Amino acid sequence: MSLQTRTPLVAGNWKMNGLLSSLDEVRSLVKILKSKQAANSEIAICPPFTLVGAMAECLRESDVAVGGQDCHPDQSGAHTGDISAEMLADSGARYVIVGHSERRHDHKESDLVINSKVQAVWRAGLVAIMCVGETETQRDQGKTLDVVTGQLHNSLPDGATAENAVIAYEPVWAIGTGRVPANSDVAEVHAAIRGHLKERFATGGEMRILYGGSVKGSNASELMAIPNVDGALVGGASLRAEDFDAILEAYRP
Ligand code: PGA
């Protein structure tokens, strides 16, 4: 299955950044996108929960989708401070990032918990962007492929399809550091993920696999040209319209 059959996705992850005033960046992005040739990709922005509804409203007339950054496995109930996938859908989200390494680390989320969150995303009719990736120590120990395929095996439930799941490979040591793996290392991990997906799922060849970790305008074209890299999950460079648009250049003819 070639890249032509997979529409790339460029998703911004705002993390714990953004106030109502930050929606000006989103309005600028829409203006920039209108003024340029369309990028051959889907685009999404995942702001903090407080901005999901307002951002969805801002982007209603555009092709840019909105996503959440996490959700609780349950639909509702006594879970103070949590947000369900249904609430995100209700606010206008289409995607939910699940299992980001910052959640795995900061909130001790296990593969099992992430598995139940992915199912919650599907229950709400949304698309899960499920993250996997090795730490620097694991890479140094030569465990990268085992770690990544182990996370896929345990976090990605049966029932994944090209429509309801996107995988994001994010080496933990590349997130927010300005460091990126060698192209050959990215290619090796993405090929291993593709192999896992094809083996387990009927549409595994059509599922999108994003690369994330220090993606910016200056390295996007090179990274996005690697086989089985079907887009990017972008943190820091998604906060400003111009920086985010520079990444989309990789998909302009
Ligand atoms: P970064 O973050 O682009 O700032 O490295 C990526 C991510 O954590 O999704």
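Keep in mind that what you see is a predicted model, and the values were worked out from it rather than measured. When a ligand or atom number is given, it counts from 1 through the structure's own listing order.
- Residue contact check for ligand 1: Gly212 places no non-hydrogen atom closer than 4.0 Å to it.
- The closest protein non-hydrogen atom to atom 4 (O) of ligand 1 is Gly236 N, 2.9 Å.
- Proximity of Ala237 to ligand 1 is not established, as no heavy-atom distance is less than 4.0 Å.
- Under the 30°/60° scheme for interplanar angles, the aromatic rings of His196 and His153 are found to stand perpendicular.
- Applying the side chain to side chain contact (heavy atoms under 4.5 Å, CB included) test between Ile167 and each of Leu210, Leu233, Leu152 identifies Leu152 as the sole match.
- With hydrogens and angles left out, the side-chain atoms of Glu25 and Ser22 include no donor and acceptor closer than 3.5 Å.
- Environment of CG in Asp63: sparse, with no more than 12 heavy atoms of neighbouring residues, nucleotides or ligands closer than 6.0 Å.
- Near His100, the atoms of ligand 1 lying under 4.0 angstrom from a non-hydrogen atom of the residue are 7 (C), 8 (O), 9 (O).
- For a threshold of 3.5 Å applied to N or O pairs, the pair formed by Gly176 and ligand 1 contains at least one separation below that value.
- A pairwise comparison of heavy atoms in Val10 and Ser41 identifies CG2-OG, 4.2 Å as the closest pair.
- Heavy-atom separations between Lys216 and ligand 1 are all 4.0 Å or longer.
- Counting only N and O atoms by type, the side chains of Tyr95 and Gln69 include no donor and acceptor under 3.5 Å apart.
- Of the candidates Arg179, Gln69, Glu170, Glu170 brings a heavy atom nearest to atom 7 (C) of ligand 1.
- Every atom of ligand 1 is numbered from 1 in the order shown, and the set under 4.0 Å from a heavy atom of Leu233 is 9 (O).
- Between the side chains of His79 and Asp74, a donor-acceptor pair is found at a separation under 3.5 Å.
- Where the criterion is an N or O separation shorter than 3.5 Å, residue side chain and backbone included, Thr177 fails it with respect to ligand 1.
- Shown in contact with Gly213 at under 4.0 Å from a heavy atom are these atoms of ligand 1, numbered in order with element: 5 (O).
- Close contacts between ligand 1 and Ser214 involve ligand atoms 1 (P), 3 (O), 5 (O) [criterion: under 4.0 Å to a heavy atom].
- Which parts of ligand 1 touch Asn13 is read off a 4.0 Å heavy-atom cut-off, strictly below it: atoms 9 (O).
- Contacts between Ile175 and ligand 1 below 4.0 angstrom, taking non-hydrogen atoms only, involve backbone and side chain alike.
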*How far apart are the C-alpha atoms of Glu222 and Asn183, what are their side-chain angles, what is the distance that settles it, and do they pass the side chain to side chain donor-acceptor pair (under 3.5 Å) test?*
CA-CA 8 Å; Glu222 200 179 328; Asn183 291 351; 2.9 Å; yes
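- Ligand 1 has an N or O atom lying under 3.5 Å from an N or O atom of Gly235, backbone or side chain.
- Salt-bridge annotation for Asp111 and Arg104: present, with a side-chain N of the basic residue lying under 4.0 Å from a carboxylate O of the acidic one.
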